[in-house]
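In what follows, chains are A, B, ... by sequence order, proteins preceding strands, each numbered from 1. When reading the values below, keep in mind they use all heavy atoms of this one structure, side chains included, and skip hydrogens, waters and symmetry mates.
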Protein chains: 2
Amino acid sequence: MNYDAFKKGYGARHKDIARQVFLANQENMRIKKEKTAVANLEKILAAVFSITYKKGFQAMSMRDLSLKTGMSLGALYAYFPGKEELLSIIQDQGRYMVKDTLDRFARQEDHPLEKLRAVIRAHIFLSELFRPWFYFTFMEARNLKPAGFDAVKAMEEHTQKILSDILEEGEAEGIFRPENHELTACMIKALQQEWYLKRWKYTRQKITVDMFVDHVLAMVEGFCLAVKE
Amino acid sequence: MNYDAFKKGYGARHKDIARQVFLANQENMRIKKEKTAVANLEKILAAVFSITYKKGFQAMSMRDLSLKTGMSLGALYAYFPGKEELLSIIQDQGRYMVKDTLDRFARQEDHPLEKLRAVIRAHIFLSELFRPWFYFTFMEARNLKPAGFDAVKAMEEHTQKILSDILEEGEAEGIFRPENHELTACMIKALQQEWYLKRWKYTRQKITVDMFVDHVLAMVEGFCLAVKE
DNA sequence: GTCTATACACAGATAGAC
DNA sequence: GTCTATCTGTGTATAGAC
C-alpha cells in the first residue's frame with residue numbers, strides 16, 4: 001500500500017475531525033448550532049497549527065488567533081473556555097486519532113511481518129495526512145498539565161507495545177530474530193517521528209513519504225527478520 | 001568505547017562550557033571579572049535548562065529565572081542584553097559543541113566501519129553528557145530569528161553529511177551495501193535524537209545509554225554492512 | 001453568535017541607589 | 001556588580017451592546 005491508496009481509503013477529512021472535536025466538547029461550548037460550530041472550529045484549528053508551527057503555542061496570543069481566524073476575541077471564547085483548554089482539546093483529539101487508526105490497522109493483518117509493515121506504514125502515512133496534528137502533539141506536550149502529560153506518555157507506551165507485541169509474536173513463529181523487542185519498538189517509533197518532526201528536510205531533499213516508508217521498512221526488516229539458512 | 005570511557009576522555013565540564021560562553025560573549029556583558037562571570041553564567045544556564053525543560057523558553061519569565069538563580073532582574077541583564085539574545089547564546093554554544101566534537105571523532109578513525117561507529121557513539125554519548133543542551137537546542141530552535149534557524153538547519157545537514165560521507169566511502173571500499181546513503185544518514189540521526197528527546201522513557205524502562213548505543217549500532221550495521229558471500 | 005471596549009495581571013526591560 | 005522600584009507594552013479573559 002502506498003500513500004495515495006492510504007489517503008483514499010482513509011475516510012476522515014479536516015471537516016470530519018472538526019466535527020469530532022465539536023461532539024466531544026459540545027458541553028463546554030456556547031455555540032449550539034453544529035454547522036456553525038464545525039465550520040468555525042475548522043478555521044480555528046487551521047489557524048492554531050499555522051501560527052504555532054513557527055513560534056509555539058505559548059507564544060501564540062489570542063490576538064494572533066483572532067487575527068488569523070478573522071473572528072473576534074469574544075467569539076473565540078465561545079468555542080473553548082480558555083487557551084489552556086484549547087491545548088487539551090487538540091491534544092486529546094490528536095491522541096484519539098492515532099490510537100483509533102493504529103489499533104484498526106493492527107487488527108487487519110494476521111501474519112506478523114505483514115502486520116508489522118501495516119502498522120508502520122499506517123503510522124507514517126497518518127502523520128503525513130495529519131502532519132500539523134502530529135507535530136503539534138509532540139512539540140506542545142510539555143505545556144500540558146501533569147494529567148495531560150501522563151496521557152501522552154501512556155499513548156507513547158501503548159503504540160510502542162503494539163509494535164513490540166508484533167515482534168514477540170513473530171519471534172515465537174520463527175519469523176523474527178530474538179532481540180530486545182522493546183528497544184526495537186522504540187527505534188521504530190523514533191524513525192516514524194522523524195518524518196513529521198523534520199519535514200522541512202525531506203521537502204528540501206525531495207524525498208517522498210513513500211520513499212521514506214520503504215527505507216524505514218528495509219531497515220527494520222534487515223534487522224528483525226530471521227536469517228534464512 | 002563505552003559511556004564511562006567517553007566521559008573520562010572528554011575534558012570539558014559545565015564550568016568550562018560556562019567559560020567558553022563568557023569568552024565568546026564578553027563584549028556584550030557588563031561583567032568584566034572572569035571568575036564572577038563564569039560562576040554566575042553556570043548558575044544561569046543551569047536555571048534556564050531546569051525551567052525550560054518543563055515549560056519551554058517562551059513560558060519562562062525573567063522573574064522565574066531571577067528566582068531560580070537567586071539573582072535580581074537587574075543583575076541578570078548584566079550578563080546578556082535581553083531574553084532573545086540569551087536564547088541565541090545558548091543555541092550558538094550548543095551547536096559549537098556538537099560540531100567540534102563530531103568533527104574530532106570523525107578524524108580519529110580510518111576504517112569506514114570504525115569511523116561510523118565512533119561518530120554515532122560520540123554523538124549519543126555527548127548528548128548524554130550535555131543532555132540539557134541538546135534538548136534545549138532542538139525544542140527551542142523555532143523561537144530563533146530566521147538567521148538562527150538557518151544555522152540550525154545548516155548544522156543538521158552538516159552532521160548528516162558526516163554520516164553519509166562515511167557510508168559512501170565504505171561503499172566504495174565494498175564494506176557497505178549500495179543504498180540511498182542520505183536517507184540512511186537521516187535515519188541514524190533520528191535514532192540519535194530519540195535518546196535525548198525521550199529520556200523519561202528510557203529512564204523508566206531502565207535502559208542505559210550503553211545498551212541504547214549498542215542497539216542503534218546493531219540496527220545500522222545490520223542494514224548497511226555488505227553481506228559476506 | 002459575534003462584536004467592541006475594557007479590566008487587570010504580568011511580561012521584558014531600565015534607572016539609579018548602594 | 002547587584003539591588004529595588006518602576007515604566008510601558010502586551011497577555012488572557014470578560015461584560016454587555018447588537
Side-chain angles (χ1 to χ4, degrees), chain A residues 18-19 21-22 25-45 47-48 51-52 54-90 140 143-145, chain B residues 18-19 21-22 25-45 47-48 51-52 54-90 140 143-145:
Chain A
R19 181 166 295 113
V21 171
F22 172 69
N25 299 279
Q26 208 164 357
E27 69 279 12
N28 294 318
M29 298 189 188
R30 288 210 304 276
I31 317 298
K32 296 301 159 201
K33 255 173 50 191
E34 177 171 323
K35 205 176 165 184
T36 315
V38 170
N40 281 330
L41 275 174
E42 209 182 328
K43 266 202 298 191
I44 293 170
L45 292 170
V48 168
I51 297 167
T52 59
K54 287 183 188 166
K55 54 181 182 179
F57 190 77
Q58 286 276 356
M60 176 193 80
S61 72
M62 291 300 293
R63 284 181 175 93
D64 289 337
L65 192 57
S66 163
L67 211 73
K68 193 86 172 183
T69 53
M71 298 164 72
S72 70
L73 278 174
L76 287 175
Y77 279 96
Y79 288 82
F80 45 84
K83 202 187 166 193
E84 195 169 306
E85 286 81 2
L86 175 58
L87 174 62
S88 301
I89 288 170
I90 300 178
E140 312 301 344
N143 295 317
L144 290 166
K145 286 174 290 187
Chain B
R19 180 166 296 112
V21 171
F22 172 68
N25 298 279
Q26 210 166 355
E27 69 278 12
N28 294 318
M29 299 190 187
R30 289 208 305 274
I31 318 296
K32 293 302 157 200
K33 257 176 43 191
E34 177 170 326
K35 206 175 161 183
T36 316
V38 171
N40 280 331
L41 275 173
E42 210 183 326
K43 267 201 298 190
I44 293 171
L45 291 170
V48 169
I51 298 167
T52 58
K54 288 181 186 166
K55 55 180 181 179
F57 190 77
Q58 286 276 355
M60 177 192 80
S61 72
M62 290 302 291
R63 283 173 177 88
D64 289 337
L65 192 57
S66 163
L67 211 73
K68 193 86 174 181
T69 54
M71 297 164 71
S72 69
L73 278 174
L76 286 174
Y77 278 96
Y79 289 82
F80 45 84
K83 201 187 167 193
E84 194 169 307
E85 285 82 1
L86 175 59
L87 174 63
S88 301
I89 290 171
I90 300 178
E140 312 301 345
N143 294 318
L144 290 165
K145 285 174 291 189

[atom1] of [X] versus [atom2] of [N]: gap in Å, rounded?
X       : N      : atom1 : atom2 : value
A:Lys55 : D:dG11 : NZ    : C1'   : 12 Å
A:Lys43 : C:dT2  : NZ    : P     : 8 Å
A:Leu76 : D:dA13 : CG    : C1'   : 12 Å
B:Leu67 : C:dA11 : CG    : C1'   : 15 Å
A:Tyr77 : C:dA7  : OH    : P     : 17 Å
B:Met62 : C:dT14 : CE    : P     : 10 Å
A:Leu73 : C:dC3  : CG    : P     : 10 Å
A:Asn40 : C:dG1  : CG    : C1'   : 9 Å

Face-on cation placement of B:Lys83 at B:Tyr77 ring, 6.0 Å and 45° thresholds: no
Can you name the nearest heavy-atom pair linking [X] to [Y], along with the distance?
X       : Y       : value
B:Ala47 : B:Thr69 : CB-CG2, 3.6 Å
A:Met29 : A:Tyr79 : CG-O, 3.3 Å
B:Val48 : B:Ile90 : CG1-CD1, 3.8 Å

Hey, does [X] reach any base, or is it just sugar-phosphate, or nothing, if we go heavy atoms under 4.0 Å?
X       : result
B:Ser72 : base
B:Phe80 : nothing
B:Met60 : sugar-phosphate

Nearest listed nucleotide, side chain of A:Arg30, among D:dT2, C:dG1, C:dT2: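 Of the candidates, C:dT2 comes closest.
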Ion pair A:Glu42/A:Arg19, N-O distance below 4.0 Å: no
Under-4.0 Å side-chain N/O to phosphate OP1/OP2 contact, A:Tyr79 with C:dT2: yes
Under-3.5 Å donor-acceptor pair between A:Arg63 side chain and D:dT10 base: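 A donor-acceptor contact between them is absent.
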